[in-house]
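Here, residue 1 is the first one in the sequence, and each next residue gets the next number. Atoms within a ligand are numbered from 1 in the order they appear, just like the ligands themselves. Everything quoted here is computed from the prediction, not taken from an experiment.
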Amino acid sequence: MTTIENGSGTRELAGKRALVTGGSRGIGAAIVRQLLDAGAEVLTTARSATSTVAEGATFVEADVRTRAGAETLAAAAQEALGGVDILVHNAGGARPYESTSAIPDEEWQDQLDLNYLASVRLDSLLTPGMRERRSGVIVHVSSAAVPVTPPPFLHYTAAKAALENYSRGLALELAPSGIRVNTVTPGRTATPGGELTREQWARLDPAQGQNGTTVPLGRDGQPDDIAHAVLFLVSDRASWLTGSNLVVDGGEFPRG
Ligand SMILES: NC(=O)c1ccc[n+]([C@@H]2O[C@H](COP(=O)([O-])OP(=O)(O)OC[C@H]3O[C@@H](n4cnc5c(N)ncnc54)[C@H](OP(=O)(O)O)[C@@H]3O)[C@@H](O)[C@H]2O)c1
């Protein structure tokens, strides 16, 4: 176990209460593990429990795409943790379509619910407590595909673009209340969801993935690469950072 200690020898996030969505595998599971290692109490969620949820985390089954799911989570966090100091919106993802016109209405709505409105709803339930305590940290997980907007994923990148815009605005609104809000933007990361999506894309477009890696640093990301960035942003080491977007993609998708 890696422990991150502060100057007085206690773990850096000891006493902090964290809620992470989508913590049963991939990037979310790495975030949960790193938060636990840093001493935080952690509650996480997915639509179904798996053996890959880190030992020591509280697991609650919920679907973040619905208002009812958000309410279930907020109530569970209150009951299990007594409140939330660190909120990480990680659940997300998409499957590709052969053309934008082939994306049905329900899929557009589903993408907005999963990759954008899930954060809006849960934030609205948990930020009042943070405002009262005049402290809290929120991280939204976006995607490096946003500025690239590959057509098979426009439903996904449009929802994530909305999330980035919302995250920046929320940061400005909550800064005077002592609450920091930032985005972490992963590039191509080796996770079950990421691998499945890339396989589906390669079936639609066999040219995908045939020319070796396009990542300047020479490899795909690992879930821990993204979790390290999240851990930095929720720690006091990032106490003067809000409204930022930390892109963690091996240099693949430079932003202006
Ligand atoms: N991997 C990449 O290459 C990559 C690149 C850019 C951005 N991202 C972003 O990084 C985040 C994590 O991606 P990942 O690759 O780690 O995904 P993943 O391997 O598919 O894991 C997703 C996690 O979210 C949960 N989840 C999915 N839908 C949910 C729902 N409706 N309600 C509650 N939980 C739900 C999943 O559990 P259940 O299925 O059991 O619900 C699982 O725990 C996502 O926001 C994704 O868009 C990933």
Side-chain angles (χ1 to χ4, degrees), residues 19-34 42-54 57 59-74 76 87-96 107 109-119 121-122 139-150 153 155-164 167 183-202 208-209 213-215 219-227 229-230 245-250 252-253 255:
L19 169 53
V20 180
T21 66
S24 65
R25 59 173 187 262
I27 292 168
I31 295 169
V32 169
R33 274 195 310 275
Q34 290 197 20
V42 183
L43 183 142
T44 192
T45 186
R47 286 165 298 177
S48 53
T50 66
S51 57
T52 48
V53 176
F59 180 83
V60 174
E61 212 170 271
D63 186 338
V64 298
R65 292 173 298 182
T66 65
R67 179 88 198 169
E71 285 170 355
T72 298
L73 273 180
L87 175 55
V88 182
H89 297 280
N90 162 78
R95 70 185 179 94
E107 183 69 17
Q109 187 59 55
D110 193 64
Q111 282 292 301
L112 286 171
D113 284 328
L114 176 60
N115 289 298
Y116 172 38
L117 294 172
S119 296
R121 294 186 185 117
L122 199 50
V139 173
H140 298 111
V141 177
S142 184
S143 168
V146 166
V148 188
T149 60
F153 294 97
H155 52 332
Y156 171 68
T157 54
K160 291 287 199 190
L163 178 69
E164 289 185 15
S167 186
T183 298
V184 165
T185 287
R188 179 189 300 264
T189 308
T191 66
E195 301 303 342
L196 177 65
T197 302
R198 284 186 280 278
E199 275 167 34
Q200 291 168 336
W201 194 3
Q208 285 303 319
T213 184
T214 50
V215 180
R219 65 167 176 86
D220 287 358
Q222 292 300 317
D224 274 332
D225 291 316
I226 313 304
V230 172
N245 186 347
L246 185 44
V247 179
V248 189
D249 69 347
E252 189 172 15
F253 301 110
R255 295 196 175 196

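In the model, Thr50 has a side-chain atom that pairs as donor or acceptor with a side-chain atom of Thr52 under 3.5 Å.
Taking CG of Leu43 as the reference point, atom CG of Leu19 lies at 5.5 Å (rounded to 0.5 Å).
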Per-pair distances, 0.1 Å, donor-acceptor, side chain in residues 64-73, under 3.5 Å, sequence neighbours excluded:
unit_1, atom_1, unit_2, atom_2, d
Arg65, NE, Asp63, OD1, 3.0
Arg65, NE, Asp63, OD2, 3.2
Arg65, NH1, Asp110, OD1, 3.0
Arg65, NH2, Asp63, OD2, 2.6
Thr66, OG1, Asp63, O, 3.3
Thr66, OG1, Gly69, N, 2.8
Arg67, NE, Glu71, OE2, 3.4
Thr72, OG1, Ala68, O, 2.9

Under 3.5 Å, sequence neighbours excluded: what are the donor-acceptor pairs made by side chains of residues 21-31?
unit_1, atom_1, unit_2, atom_2, d
Thr21, OG1, Asn90, N, 2.8
Thr21, OG1, Ala91, N, 3.0

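When the side-chain contact (heavy atoms from CB on, under 4.5 Å) test is applied to Ala145, the partners found at least two apart in sequence or on another chain are Ser143, Pro150, Thr157.
Residues of the protein with a heavy atom under 4.0 Å from ligand 1 are Gly22, Gly23, Ser24, Arg25, Gly26, Ile27, Ala46, Arg47, Ser48, Ala62, Asp63, Val64, Arg65, Asn90, Ala91, Gly92, Gly93, Leu114, Val141, Ser142, Ser143, Tyr156, Lys160, Pro186, Gly187, Arg188, Thr189, Thr191, Pro192, Gly193, Gly194, Arg198, listed by chain and number.
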Q: Report the C-alpha separation of Thr214 and Glu252 in whole Å, then their side-chain angles, then the decisive distance to 0.1 Å, and conclude whether the side-chain hydrogen bond (donor to acceptor under 3.5 Å, both in side chains) test is met.
A: CA-CA 7 Å; Thr214 50; Glu252 189 172 15; 2.4 Å; yes
